[in-house]
Asker: 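Pasting a structure here, questions to come.
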Amino acid sequence: MTDLAMSTARGQSRIGKVALRWLLYIALGLFALYYLMPLFVMITTSLKSLEEIRTGDLISLPREVTFDAWKTAWATACTGIQCEGVRPFFWNSVLIAVPAVMISTLIGALNGYVVAQWQFRGSNLFFAALLFGCFIPFQVVLLPMARVLGLMGVAGTIPGLIFVHVIYGLGFTTLFFRNYYVSIPSELTKAAKVDGAGFFRIFWSIFLPLSLPIIVVTVIWQFTQIWNDFLFGVSFSQAGTQPITVALNNIVNSTTGVKEYNVDMATAIIAALPTLLVYVVAGKYFIRGLTAGSVKG
Amino acid sequence: MTKWLEDHLPKVVLAPSFIAVLIFVYGFIGWTAWVSLTRSKLLPKYDIHGFIQYERLFAAPRWDVAMNNLFIFGALFIVISMILGLLLAILLDQNIRTEGAIRTIYLYPMALSMIVTGTAWKWILNPGLGIEATVKGWGFESFTFDWLVNPNMAIYTIVIAAIWQSSGFVMALFLAGLRSVDTEIIRAAQVDGIPTWRVYTAIIIPSMAPIFLSAFIVLSHLAIKSFDLVIALTGGGPGFASDLPATYMYAMAFSRGDIGQAASSAMIMMAVVFTIVVPYLYSELRAKND
């Protein structure tokens with residue numbers, strides 16, 4: 001608005017302003033192309049036949065659209081010795097992510113509620129200790145965790161992976177809820193206590209109904225983290241329990257037979273679809289989680 | 001009994017998480033630290049033998065490559081992501097009509113797994129059929145772009161893919177920062193006829209110092225933990241030319257059966273993270289308590 005006032009004051013710079021505006025939009029458009037290019041290449045490659053991939057080039061559209069690569073990727077592509085596509089691994093990831101997200105969110109909500117509203121001597125220390133846990137490189141816990149999972153009898157199983165994701169997700173889920181509940185006036189809790197409501201009653205009837213936004217943020221954050229995890233998946237799974245990220249890497253790097261780039265790309269898109277979908281549907285909450293998780297952390 | 005429970009309920013609720021953190025974070029760090037001081041090979045041993053694993057680590061050429069790569073990768077990744085992120089944020093802050101859509105496009109890579117990102121860029125950068133072949137197909141026969149298979153350049157392909165993945169996120173951080181600058185000051189500067197670029201360099205950017213710090217912390221944290229991307233893109237190769245500490249640790253732990261080396265390299269990684277993060281967290285927590 002002030003721009004407009006200034007440019008009319010100096011009439012001849014008006015054309016300059018318009019040119020600058022165009023330049024701005026062109027620059028923004030070029031950057032958009034840069035970010036979209038890999039996705040575009042993945043999609044077009046997955047729709048081409050191998051023959052066309054060998055003769056054509058990277059950025060051309062498919063002459064003949066075929067979904068064969070998608071069928072192969074889903075049902076028959078080989079990951080090492082078995083050739084059942086990524087379907088079983090996709091379901092492994094679902095079976096790991098859904099309970100792990102639910103459990104870690106629930107515990108995080110309760111922890112955050114205590115740390116924000118029921119402080120006692122040492123509760124802040126606990127919170128600080130938990131926060132440091134968010135920052136450790138997981139390499140430092142891989143070796144002992146492998147042994148403990150073995151001792152617990154869940155090495156290489158899906159419950160084992162759920163357990164690992166819950167434990168190392170607690171830091172962030174607690175952080176999210178704590179930062180959210182801290183902004184709710186503590187007088188509310190006090191008044192409810194005077195009226196005779198207990199710990200869980202106050203949580204259930206006052207805090208939980210207010211929590212929808214932060215639950216969405218936490219669920220999205222946890223789901224993205226766990227679905228996209230590779231380190232825990234590759235370290236603590238075995239042939240039948242691998243998550244989809246590990247299966248994708250195995251398919252892409254399997255050295256037997258002809259290299260099927262179109263199948264690789266279809267598999268990669270399948271692996272990316274759930275988190276992309278979440279991002280497109282609830283991008284606002286996704287971004288809020290990202291910034292809250294990393295800035296405040 | 002019920003009275004006691006009612007009074008101590010907050011502690012009871014927190015207790016399982018507290019015990020879990022104590023064991024699975026601090027206990028495990030202690031275990032790894034202990035084992036890094038032993039002669040453990042395929043199986044962990046618990047007799048302390050001083051710093052022998054660290055001596056072996058620092059003498060290993062492969063670790064040397066991994067640490068060098070971490071500095072190259074970390075420096076380029078952090079600096080370029082910050083510059084690109086700031087640039088994009090400033091461009092987007094000019095009352096752009098389609099801002100929401102453009103922001104969505106810039107940020108979507110952050111929703112992808114590093115394995116997906118690595119797979120996509122591996123295909124784009126592969127010399128046989130990717131960019132190199134495409135440009136050659138346009139008639140530039142002498143064009144070569146073989147970084148993916150060139151031991152001297154492979155680490156830079158990881159930089160390229162990592163920047164693509166994370167720069168949009170840095171943009172989002174900076175954009176939030178730009179929006180939080182006091183608009184009164186900006187308007188006053190504009191009324192005084194100060195050119196826009198001066199408003200940015202003299203007023204807006206200096207006031208965003210905390211955001212720069214946050215972005216730096218997040219990016220350096222990402223850089224040190226980088227593992228998936230290397231595995232998917234180069235597998236640490238050719239040879240071990242693009243190894244990072246995280247892939248070194250993994251190779252020692254799970255394919256070489258050298259637990260002592262795995263533990264000591266993990267401890268060094270943690271030391272690097274902590275020298276960056278601890279002062280930051282400390283100042284943050286103190287600022288909150290004041």
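A note on names: the letters A, B, ... follow the listed sequences, proteins ahead of strands, and every chain is numbered from 1. Just so it is clear, the structure is predicted and the values come from calculations on it, not from any experiment.
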Asker: Which atom names give the shortest non-hydrogen contact between B:Ser113 and A:Thr245, and what distance separates them?
Answerer: OG-CG2, 3.5 Å
Asker: Check each atom of A:Leu39 against the heavy atoms of chain B and say whether the ones under 4.5 Å are side chain, backbone, both or neither.
Answerer: both
Asker: Which bit of B:Ile96 comes within less than 4.5 Å of chain A, counting heavy atoms only: side chain, backbone, both or neither?
Answerer: both
Asker: If you round to the nearest 0.5 Å, how far is OH of A:Tyr35 from CD1 of B:Ile105?
Answerer: 11.5 Å
Asker: Quick one: pull up CZ in A:Arg147 and CD1 in B:Ile259 and give me the separation to the nearest 0.5 Å.
Answerer: 6.5 Å
Asker: More than 12 foreign heavy atoms under 6.0 Å from CZ of A:Arg121: is that the case here?
Answerer: no
Asker: Might you point out which heavy atoms bring A:Gln139 and B:Ala246 nearest each other, and give the distance in Å?
Answerer: NE2-CB, 3.4 Å
Asker: Any sub-3.5 Å donor-acceptor pair from B:Thr32's side-chain atoms to A:Val140's backbone N or O?
Answerer: yes
Asker: Under 4.5 Å from any heavy atom of chain B, what part of A:Leu36 do you find: side chain, backbone, both or neither?
Answerer: both
Asker: For the ring pair B:Phe18 and A:Phe127, is the centre-to-centre distance below 6.0 Å?
Answerer: no
Asker: Counting only non-hydrogen atoms closer than 4.5 Å, does B:Met270 touch chain A with its backbone (N, CA, C, O), its side chain (CB onward), both, or neither?
Answerer: both
Asker: Looking only at heavy atoms and a cut-off of under 4.5 Å, which of A:Ala272, A:Pro38, A:Gly171, A:Ala268 has the most pairs with chain B?
Answerer: A:Pro38
Asker: Show your reasoning for whether ring-ring contact (aromatic ring centres under 6.0 Å, His included) applies to A:Phe286 and B:Tyr108.
Answerer: CA-CA 10 Å; A:Phe286 176 81; B:Tyr108 85 88; over 10 Å; no
Asker: Please flag which part of A:Val148 lies under 4.5 Å from any non-hydrogen atom of chain B: side chain, backbone, both or neither.
Answerer: side chain
Asker: Roughly how far, to the nearest 0.5 Å, is CE of A:Met145 from CD1 of B:Ile23?
Answerer: 10.0 Å
Asker: Begin from the C-alpha positions of B:Val25 and A:Ile136 and carry the test side-chain contact (heavy atoms from CB on, under 4.5 Å) through to its verdict.
Answerer: CA-CA 8 Å; B:Val25 176; A:Ile136 59 165; 4.1 Å; yes
Asker: To check you understand the geometry: which heavy-atom pair defines the closest contact between B:Lys225 and A:Phe138, and what is its length?
Answerer: NZ-CE1, 4.2 Å
Asker: Please classify the contact between A:Tyr113 and chain B as side chain, backbone, both or neither, with a heavy-atom cut-off of under 4.5 Å.
Answerer: neither
Asker: Measuring from atom OG1 of A:Thr267 to atom CD1 of B:Ile115, what distance do you get when rounded to the nearest 0.5 angstrom?
Answerer: 13.0 Å
Asker: Is it the side chain or the backbone of B:Ile102 that comes within 4.5 Å of chain A heavy atoms, both, or neither?
Answerer: side chain
Asker: Of the backbone (N, CA, C, O) and the side chain (C-beta and beyond), which part of A:Val280 lies under 4.5 Å from a heavy atom of chain B, both, or neither?
Answerer: neither
Asker: Strictly by modelled atom types, are B:Trp123 and A:Thr45 linked by a side-chain donor-acceptor pair under 3.5 Å?
Answerer: yes
Asker: Given heavy-atom pairs under 4.5 angstrom as the criterion, report whether the side chain, backbone, both or neither of A:Phe199 touches chain B.
Answerer: both
Asker: To the closest 0.5 Å, what do you measure between CG (A:Asn249) and CE (B:Met114)?
Answerer: 14.0 Å
Asker: Which atoms of A:Phe163 come close to chain B, meaning under 4.5 Å heavy atom to heavy atom: side chain ones, backbone ones, both, or neither?
Answerer: side chain
Asker: Could you check whether any side-chain N or O of A:Tyr279 sits under 3.5 Å from a backbone N or O of B:Thr104, counting only pairs where one atom can act as donor and the other as acceptor?
Answerer: yes
Asker: Non-hydrogen atoms of chain A under 4.5 Å away: do they reach the side chain of B:Val13, the backbone, both or neither?
Answerer: both
Asker: Side chains of B:Asn126 and A:Lys259: is there a donor and an acceptor less than 3.5 Å apart?
Answerer: no
Asker: Judged by atom type as modelled, is there a donor-acceptor pair below 3.5 Å linking the side chain of B:Thr134 to the main-chain atoms of A:Asp57?
Answerer: no
Asker: Using non-hydrogen atoms and a 4.5 Å limit, figure out which bit of B:Ala232 sits close to chain A: side chain, backbone, both or neither.
Answerer: both
Asker: Between B:Tyr250 (side chain only) and A:Leu231 (backbone N and O only), is there a donor and an acceptor less than 3.5 Å apart?
Answerer: no
Asker: So, the side chain of A:Thr224 versus the backbone of B:Ala111: is there a donor-acceptor pair under 3.5 Å, distance only?
Answerer: no
Asker: Do side-chain atoms of A:Asp264 reach the backbone of B:Thr119 as a donor and acceptor pair under 3.5 angstrom?
Answerer: no
Asker: Heavy-atom count around A:Trp118 CH2 within 6.0 Å, excluding the residue itself: above 12?
Answerer: yes
Asker: Rounded to the nearest 0.5 Å, what's the gap from CG on A:Leu28 to CZ on B:Arg103? Could you check?
Answerer: 12.5 Å
Asker: Answer with side chain, backbone, both or neither: which region of A:Ile269 has an atom nearer than 4.5 Å to a non-hydrogen atom of chain B?
Answerer: neither
